[in-house]
Trainee: 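Here's a structure for you.
None of the values given here were measured: they were computed from a predicted structure.
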Amino acid sequence: MISAIVLAAGLSARMEGKNKMLLPFDGKTVIEKVVANIIASGIIEVIVVTGRDALTVHDLLQHSPVKIIYNNDFADGMTTSIQQGIYAANGDGYMICLGDMPFITSQEYRKLYTSFEEQRRTNEACICIAEYKNQKGNPVIFSAFYKKQILDHTNMEGCKEIVQANKENVYPIEMSTNNILRDIDTLEDYGNAIS
């Protein structure tokens, strides 16, 4: 089983005061769209880590089959949210999903987790990274083999160093679209997304 850990705690620092998770997108909000696509992929355990506007995000997702975790330390950086999600996870792998990537489809999430499960049969220390035309994107899936390393990790900007230190265990998963590269960091990104 794989656990999807959805990072929805960030400050949205480049959004001119708006929380990108709460912006309208395709009849929902950005975070609702992301979570709905992950659930539709067939992943059973979905953990959403909240921080900024946690109560609003909780209210939006309270009827979805997800586990919602509040990260007290969200302002310290993304790694704290990854760690909170992993504390709560029961899977053999952790799919680290960004809450601002509503373009990734349920079929694409399914391809990623089934590819991980196949890879893990031959290498229990595998790390699978979504890739499009040699560009690495998100999500990244870590085997639970790395649980302690991630929980002990001190760089608050994510787990790239763990990936770099284990290159022999990294497997790119080639995707057919650039959805795994498209996030919403600025109001311009958002305008392009909905136009």
Trainee: For K111 and E174, indicate whether the former's side chain and the latter's backbone hold a donor-acceptor pair under 3.5 Å.
Mentor: yes
Trainee: Honestly curious: do L11 and V30 fall in one hydrophobic cluster under the side-chain, below-4.5 Å linking rule?
Mentor: no
Trainee: Looking only at non-hydrogen atoms, find the nearest pair between I2 and E117 and report the distance.
Mentor: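 Scanning both residues completely, I find the closest heavy atoms to be N-OE2, 4.4 Å.
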Trainee: Which pairs pass side-chain hydrogen bond (donor to acceptor under 3.5 Å, both in side chains) with one or both residues in residues 48-63, sequence neighbours excluded?
Mentor: N19-D53
Trainee: May I ask you to decide if T80's main-chain N or O and D73's side chain share a donor-acceptor pair within less than 3.5 Å?
Mentor: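 Checking the backbone N and O of T80 against the side chain of D73, no donor-acceptor pair under 3.5 Å is found.
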Trainee: Look at the side-chain heavy atoms of Ile, Leu, Val, Met, Phe, Trp and Tyr, link any pair under 4.5 Å apart, and say whether I96 and I180 land in one connected group.
Mentor: yes
Trainee: Spell out, as yes or no, whether a donor-acceptor pair under 3.5 Å connects the side chain of D76 to the backbone of M156.
Mentor: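 Absent.
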Trainee: Can you hop from I68 to I44 via hydrophobic side chains spaced under 4.5 Å?
Mentor: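 No, I68 and I44 fall in different hydrophobic clusters.
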Trainee: The criterion is side chain to side chain contact (heavy atoms under 4.5 Å, CB included); which residues satisfy it with T114, sequence neighbours excluded?
Mentor: R110
Trainee: Can S81 and N71 be counted as having a side-chain donor-acceptor contact under 3.5 angstrom?
Mentor: yes
Trainee: So Y94 and I141, side-chain contact (heavy atoms from CB on, under 4.5 Å) or not? Walk me through it.
Mentor: CA-CA 5 Å; Y94 313 123; I141 311 176; 5.9 Å; no
Trainee: Is there a salt bridge (charged side-chain N to carboxylate O under 4.0 Å, His left out) between K20 and D185 once you walk through the steps?
Mentor: CA-CA 8 Å; K20 57 190 174 183; D185 279 334; 3.0 Å; yes
Trainee: Applying side chain to side chain contact (heavy atoms under 4.5 Å, CB included) between M78 and each of L7, V49, N155, report the one that passes.
Mentor: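 The residue from L7, V49, N155 that satisfies side chain to side chain contact (heavy atoms under 4.5 Å, CB included) with M78 turns out to be L7.
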Trainee: Does E124, at its CD atom, have more than 12 non-hydrogen atoms belonging to other residues, nucleotides or ligands within less than 6.0 Å?
Mentor: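 No, not enclosed.
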Trainee: Starting from M21, can I reach Y70 by hopping between I/L/V/M/F/W/Y residues whose side chains sit under 4.5 Å apart?
Mentor: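 No, separate clusters.
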Trainee: Does I173 offer a backbone N or O that forms a donor-acceptor pair with the side chain of E131 under 3.5 Å?
Mentor: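 Not a single qualifying donor-acceptor pair exists.
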Trainee: With clusters defined by side-chain heavy atoms of hydrophobic residues (ILVMFWY) lying less than 4.5 Å apart, directly or transitively, does I129 cluster with M175?
Mentor: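 As far as the 4.5 Å side-chain criterion goes, I129 and M175 are connected within one cluster.
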Trainee: When you measure from the side chain of K67 to the backbone N and O of A88, does any donor-acceptor pair fall under 3.5 Å?
Mentor: yes
Trainee: Would you find a donor on one side and an acceptor on the other, under 3.5 Å apart, between the side chain of S64 and the backbone of V66?
Mentor: no
Trainee: Sequence neighbours left out, what passes side chain to side chain donor-acceptor pair (under 3.5 Å) with Q119? Give chain and number order.
Mentor: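 Applying side chain to side chain donor-acceptor pair (under 3.5 Å) to Q119 gives none.
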Trainee: Are side-chain N/O atoms of Y190 and D100 paired as donor and acceptor at under 3.5 Å?
Mentor: no
Trainee: Evaluate whether atom CD1 of I194 has more than 12 neighbouring non-hydrogen atoms of other residues, nucleotides or ligands under 6.0 angstrom away.
Mentor: yes
Trainee: Any side-chain to backbone donor/acceptor pair from E32 onto V57? Under 3.5 Å, distance only.
Mentor: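 Judged by distance alone, no pair lies under 3.5 Å.
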Trainee: Say whether, by atom type as modelled, one donor and one acceptor occur between the side chain of E108 and the main chain of T105 under 3.5 angstrom.
Mentor: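 Looks like yes, one N/O pair under 3.5 Å.
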Trainee: Can we call the ring centroids of F103 and F25 under 6.0 Å apart?
Mentor: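 Aromatic pair counts; centres sit under 6.0 Å.
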Trainee: Donor-acceptor pair, distance only, cut-off 3.5 Å: does the side chain of H153 make one with the backbone of G158?
Mentor: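 Indeed, once roles are kept as given, a pair shorter than 3.5 Å links the two residues.
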Trainee: Report yes or no: does Y113 contribute a side-chain atom to a donor-acceptor pair with the main-chain N or O of S3 at less than 3.5 Å?
Mentor: no
